[in-house]
Amino acid sequence: MRKLFEMHVIRRGLLAAAFTPMLALAAPHAYVANQNDGTVSVIDTQTDEVVRTLDLQAKTDGKVQAAIADRGEKTLFVVDATGSKLIVVDLASGEIRTRVAAGQSPEGASISPNGKQIAVCGEDDNLVTMIDVATQKVLRTIATQGKNPEHCEFSDNGRWLLTSNENSNDVDIIDLEAGRSVALVPTSGHPRGIAILPDNRTAYVAQETGSGVDLIDIAQHKVTKSIATGVRPAGAIASHDGKRVFVANGGGGTVSVIDVAAGKVIADVPVGKRAWNMALTPDGRKLYVANGRSNSVSVIDTTALKTVKEIAVGALPWGVSIPTSP
């Protein structure tokens with residue numbers, strides 16, 4: 001009788017466990033680099049509220065650009081453009097661990113798909129500095145063929161790194177296995193943000209003076225098409241499934257939504273002034289847009305294609321980054 005009772009208790013426990021919902025994982029934060037006041041605003045992506053502000057102004061040489069957290073959100077890497085360094089910040093304490101040389105006048109930076117390396121574009125010496133996330137040391141530098149690389153973006157397979165070169169109006173295609181630039185692709189005018197589709201074959205590059213994006217075939221090393229967007233496009237990002245590309249129009253205060261299959265803009269979503277660099281949540285449901293001249297971040301519902309909130313941040317936000325899941 002006792003054994004039957006114990007079996008009944010165990011069975012009830014197993015059934016309860018089977019029907020108990022799993023605890024939801026905490027959503028990652030969004031990190032906003034505020035260029036003019038040397039701060040980084042930290043946004044809770046569940047509540048869309050600023051929950052912390054890291055004041056790095058006294059600890060940098062002035063111009064804060066990209067800010068990227070590692071996957072576990074233990075370390076924040078911040079580009080100090082004036083000091084030509086990548087500042088490594090311990091997120092628990094807010095203290096700086098170290099400073100890593102990152103080329104002359106660095107601006108754009110991105111983290112590799114596996115979370116192990118950060119690429120930083122040095123504009124004045126035409127170099128990409130590859131930095132190890134774990135050791136915070138320089139692994140190597142790679143020269144660009146183009147001049148003044150601003151953005152550097154990894155392909156999802158980690159094979160390619162593309163740089164947008166402002167002064168030479170072209171894009172470098174860097175083969176990371178070979179460790180060198182293998183092609184220089186002319187574009188239509190002042191390339192800036194880069195969105196590489198998950199197929200690792202096509203890149204959409206914002207053309208600030210061209211009022212659109214150029215589509216680059218990475219394997220063929222050429223522009224295959226241009227799509228008009230808005231005034232002075234600056235940022236570009238692809239949805240996780242590769243079905244859409246979002247383009248921030250800095251002169252128009254909008255984000256253009258491109259349907260990749262149709263090859264055209266299907267919506268223009270109003271945001272703040274000087275829409276700049278963007279980030280998507282891991283589930284792809286929300287897009288965060290830095291509004292440089294509005295000192296804010298717009299939150300776009302990517303299903304409804306409308307802005308659902310505007311969040312006040314620091315002075316002249318340069319861009320937003322959101323880490324992927326660890």
Side-chain angles (χ1 to χ4, degrees), residues 30 32-36 65-66 107-108 110 150-151 153 162-166 169-171 187-197 202-216 223 225-239 242-260 262-281 284 286-313 315-322:
V32 186
N34 302 305
Q35 184 173 296
N36 274 12
Q65 306 278 43
E107 183 166 354
S110 63
E150 178 181 315
H151 289 270
E153 195 67 36
L162 273 60
T163 70
S164 55
N165 308 314
E166 291 183 281
N169 288 329
D170 44 38
V171 169
T187 61
S188 58
H190 201 192
R192 302 200 71 184
I194 303 170
I196 302 176
L197 297 186
T202 307
Y204 287 63
V205 185
Q207 303 294 314
E208 188 170 37
T209 60
S211 296
V213 291
D214 285 351
L215 278 63
I216 293 178
V223 172
K225 184 178 181 178
S226 296
I227 299 174
T229 57
V231 180
R232 294 200 305 276
I237 190 170
S239 63
K243 293 181 179 180
R244 290 176 174 173
V245 171
F246 302 93
V247 181
N249 301 306
T254 62
V255 170
S256 294
V257 184
I258 297 173
D259 183 297
V260 169
K264 64 180 182 180
V265 173
I266 58 171
D268 286 298
V269 183
V271 289
K273 297 176 182 177
R274 196 183 181 186
W276 217 338
N277 298 305
M278 304 171 285
L280 281 160
T281 51
K286 291 194 285 188
L287 177 70
Y288 291 75
V289 186
N291 303 313
R293 296 300 179 194
S294 297
N295 297 335
S296 68
V297 168
S298 291
V299 184
I300 294 176
D301 181 319
T302 58
T303 301
L305 297 182
K306 66 178 183 180
T307 297
V308 293
K309 189 165 186 178
E310 188 166 345
I311 306 166
V313 291
L316 197 67
W318 181 90
V320 188
S321 73
I322 298 174

My understanding is that only residues two or more places apart in sequence, or in another chain, count here; which of them pass side chain to side chain donor-acceptor pair (under 3.5 Å) with [X]?
X: T163; value: N165
X: W318; value: Q65, E107
X: Q207; value: T187
X: T307; value: none

Next item on the list: Could you pull out all residues at least two apart from E208 that satisfy salt bridge (charged side-chain N to carboxylate O under 4.0 Å, His left out)?
Entry: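 For E208 the salt bridge (charged side-chain N to carboxylate O under 4.0 Å, His left out) partners, ignoring immediate neighbours, are R192.
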
Margin query: Just to verify, what does K225 make a salt bridge (charged side-chain N to carboxylate O under 4.0 Å, His left out) with, not counting sequence neighbours?
Written below: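 Partners of K225 by the salt bridge (charged side-chain N to carboxylate O under 4.0 Å, His left out) criterion come out as none, since no residue qualifies.
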
Notebook entry, point to check: Partners of A236 by side-chain contact (heavy atoms from CB on, under 4.5 Å), sequence neighbours excluded?
Noted result: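 Result, side-chain contact (heavy atoms from CB on, under 4.5 Å) vs A236: A195.
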
Notebook entry, point to check: Taking only residues two or more places apart in sequence or in another chain, which ones pass side-chain contact (heavy atoms from CB on, under 4.5 Å) with A312?
Noted result: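 None.
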
Checklist line | Which atom of V289 lies closest to which atom of A275, heavy atoms considered | finding: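 V289 and A275 have their closest heavy atoms at CG1-CB, 4.0 Å.
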
Next item on the list: Output every pair passing salt bridge (Lys or Arg N to Asp or Glu O under 4.0 Å) with a member in residues 299-313, not counting sequence neighbours, ordered by first then second residue.
Entry: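 Qualifying pairs: E49-K309.
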
Margin query: Enumerate the side-chain hydrogen bond (donor to acceptor under 3.5 Å, both in side chains) contacts for residues 226-238, please, sequence neighbours excluded, ordered by first and then second residue.
Written below: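 Those involving residues 226-238 are D214-S226, T229-N249.
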
Item checked: Side-chain donor/acceptor of N295 to backbone N/O of V313, under 3.5 Å ->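 No, N295 side chain to V313 backbone: no donor-acceptor pair under 3.5 Å.
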
